[in-house]
Peer 1: 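This is the structure, below, for whatever I ask next.
Every heavy atom of this structure was used, including side-chain atoms; hydrogens, water molecules and symmetry mates were not.
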Amino acid sequence: MNKLLLNAFAAVVLGASAISSNAALVMSDAYIGSGGAGTGQSLAGDRFRSFQPTGSEENYLGIPSLGNASNRVVRQLNWMTDANNPLTSFDFTFQYDQASDKLVSTILGGSLEYSGWSTKLAGLGKTKGAADLNAFQITVKQGDVGSLVYLTDMVLDGVALGSFSGVDGLNKDWLVTGSDMNLTDGFTLTGKLWLQGAFSSSQENSAVNLTAGWDTRGVAPAQVPEPGTLLLAGAAIAGLLGSQLRKRKQ
C-alpha cells in the first residue's frame with residue numbers, strides 16, 4: 001500500500017511536468033476557418049506588404065478583414081534601398097497586450113498600436129472574443145516571381161515555431177495551435193522577415209499576414225496545477241502514508 005501511495009505522489013508531480021512540456025502543432029496548407037463555414041474566426045491581424053523603397057501604407061494592424069479601413073490602423077514603411085535588394089532581414093513583433101487591451105506591431109525601428117481591441121470585436125461583427133483565442137495563422141504571399149519572402153526564428157509565447165517560406169505566385173498558409181500557447185492571456189509573436197529581389201508596385205502582390213483567432217481545430221491550453229494544488233495533493237497522500245505506517249506499528 002505504501003508503494004502505491006508513493007507512486008501516486010510521483011504521478012502528481014510528474015504529471016504536472018508532462019503537462020507543461022513544449023507543445024506546438026503546425027498544420028501546413030491550413031488557415032483559420034479552412035475547415036468550413038462556422039469553423040473559425042480571425043480576430044487580430046498584422047500585415048506587412050508591398051516591400052517598396054518609398055513610403056506607403058505597408059503595415060496594417062487591427063481586426064480582420066484588414067481590407068476594411070474601419071477595422072485597422074496603418075503605418076508607412078520604407079523597406080528597400082534599391083530595386084534589386086540583397087537578402088535582408090527585419091526583426092518584428094506582433095503582440096496583444098491584455099493589460100492595456102491593445103495590439104502592437106513593431107518593425108523597422110517603430111511601432112503601430114490598435115487600442116481597445118477586445119471591446120471592438122463585437123461591433124465589427126465578431127461573435128468570438130479574447131477568451132476564445134486558441135489558434136494562430138501565418139500566411140506568406142510571394143506574388144513577385146523571382147523574389148524571396150520568408151520568415152525565420154518564429155517564437156510564439158516562448159514556443160519555437162520554426163521557419164516559413166513563400167512559394168512563387170501562391171499564398172502559403174499554416175495553422176498553428178498547441179497546448180502550451182495560452183493566447184487568452186495575451187500573446188507575443190517574434191521573428192525575422194527576410195526579403196530579397198525586386199518587388200512590383202502592386203501593394204498586394206507580396207505580403208505577410210499574421211493572424212490570431214479561434215478555430216474548431218484549436219488545442220485548448222494545458223491546465224497546469226497551481227502550486228497550492230500540488231501541495232494539498234502531496235499533503236493528502238503523505239497523510240495517508242503516515243496513517244498506514246502508524247497502523248503497522250500498532
Side-chain angles (χ1 to χ4, degrees), residues 42-121 124 130 133 136-144 147-158 160-161 163-164 166 176 183 185-213:
S42 298
L43 301 174
D46 189 10
R47 176 185 296 169
F48 308 124
R49 68 173 194 173
S50 183
F51 311 126
Q52 291 295 297
T54 55
S56 62
E57 295 179 352
E58 297 182 349
N59 185 192
Y60 287 12
L61 180 70
I63 299 173
S65 164
L66 295 182
N68 297 329
S70 60
N71 293 29
R72 71 185 190 226
V73 291
V74 300
R75 178 177 169 229
Q76 292 189 348
L77 301 176
N78 297 309
W79 292 99
M80 322 299 283
T81 57
D82 57 63
N84 294 290
N85 183 57
L87 184 62
T88 307
S89 68
F90 304 87
D91 293 329
F92 67 86
T93 299
F94 176 31
Q95 178 185 29
Y96 167 47
D97 183 341
Q98 184 189 46
S100 57
D101 191 24
K102 65 182 178 182
L103 305 176
V104 182
S105 175
T106 304
I107 197 167
L108 280 170
S111 63
L112 184 62
E113 297 185 357
Y114 184 88
S115 300
W117 169 72
S118 70
T119 62
K120 294 176 180 176
L121 288 169
L124 293 176
L133 289 174
F136 216 93
Q137 176 186 329
I138 298 170
T139 301
V140 177
K141 184 178 182 181
Q142 190 170 290
D144 295 300
S147 66
L148 292 177
V149 181
Y150 63 93
L151 305 169
T152 65
D153 304 301
M154 297 283 280
V155 178
L156 179 59
D157 283 350
L161 304 181
S163 301
F164 302 85
V176 182
L183 305 179
D185 291 338
F187 61 79
T188 299
L189 175 71
T190 60
K192 291 182 180 292
L193 167 60
W194 294 81
L195 304 173
Q196 184 177 34
F199 293 88
S200 71
S201 58
S202 173
Q203 292 181 327
E204 296 295 341
N205 223 32
S206 294
V208 168
N209 286 290
L210 309 169
T211 309

Peer 1: Using a 4.5 Å cut-off on heavy atoms from C-beta on, say whether the side chain of N205 contacts that of F199.
Peer 2: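 When only atoms from C-beta onward are counted, N205 and F199 do not touch, as no gap falls below 4.5 Å.
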
Peer 1: L61 and D46: side chain to side chain contact (heavy atoms under 4.5 Å, CB included), yes or no, with the steps?
Peer 2: CA-CA 5 Å; L61 180 70; D46 189 10; 4.1 Å; yes

Peer 1: With the side chain counted from C-beta on, respond yes when Y114 and I63 share a heavy-atom pair under 4.5 Å apart, and no when they do not.
Peer 2: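 They are in side-chain contact.
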
Peer 1: Between L189 and L161, is any pair of side-chain heavy atoms under 4.5 Å apart?
Peer 2: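 Answer yes - side chains close enough.
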
Peer 1: Out of curiosity, K120 NZ to L43 CG, how far, rounded to the nearest 0.5 Å?
Peer 2: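 Result: 15.0 Å between the selected atoms.
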
Peer 1: Which pair of heavy atoms, one from N59 and one from S105, lies closest together, and at what distance?
Peer 2: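 Smallest interatomic distance, heavy atoms only, reads OD1-OG, 3.3 Å.
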
Peer 1: Determine whether the side chains of Q137 and T139 contain a donor N or O and an acceptor N or O closer than 3.5 Å.
Peer 2: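 Yes, a side-chain donor-acceptor pair sits under 3.5 Å.
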
Peer 1: If I take atom CZ from residue F94 and atom CE from residue M154, how far apart are they, to the nearest 0.5 angstrom?
Peer 2: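 If I round to the nearest 0.5 Å, the distance is 10.5 Å.
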
Peer 1: Using modelled atom types only, decide if a donor and an acceptor are shared between the side chain of K141 and the backbone of V149 within a distance under 3.5 Å.
Peer 2: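 Not at all, since once roles are kept as given, no pair shorter than 3.5 Å links the two residues.
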
Peer 1: Would a 4.5 Å heavy-atom cut-off, applied to side chains only, mark D153 and T190 as touching?
Peer 2: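 No. Closest side-chain heavy atoms not under 4.5 Å.
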
Peer 1: Is there a side-chain contact between D97 and T188, using heavy atoms and a 4.5 Å cut-off?
Peer 2: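 The answer is no; the side chains never approach within 4.5 Å.
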
Peer 1: Side chains of E58 and F51, heavy atoms from C-beta outward: is any pair under 4.5 Å?
Peer 2: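 The answer is no; the side chains never approach within 4.5 Å.
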
Peer 1: May I ask you to decide if L66's main-chain N or O and R72's side chain share a donor-acceptor pair within less than 3.5 Å?
Peer 2: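 Yes; at least one donor-acceptor contact below 3.5 Å.
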
Peer 1: Per the side-chain contact (heavy atoms from CB on, under 4.5 Å) rule, which among N209, L151, T211, V208 passes with I138?
Peer 2: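 The option that passes is L151.
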
Peer 1: For this output row, return yes or no: ring centroids of F90 and F48 closer than 6.0 angstrom.
Peer 2: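 For F90 and F48, the ring centres are not under 6.0 Å apart.
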
Peer 1: Do Q95 and T106 touch side chain to side chain, with heavy atoms closer than 4.5 Å?
Peer 2: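 A side-chain contact is absent here, since even the closest heavy-atom pair is not under 4.5 Å.
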
Peer 1: Check whether any side-chain heavy atom of F136 lies under 4.5 Å from a side-chain heavy atom of F187, and answer yes or no.
Peer 2: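 They are in side-chain contact.
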
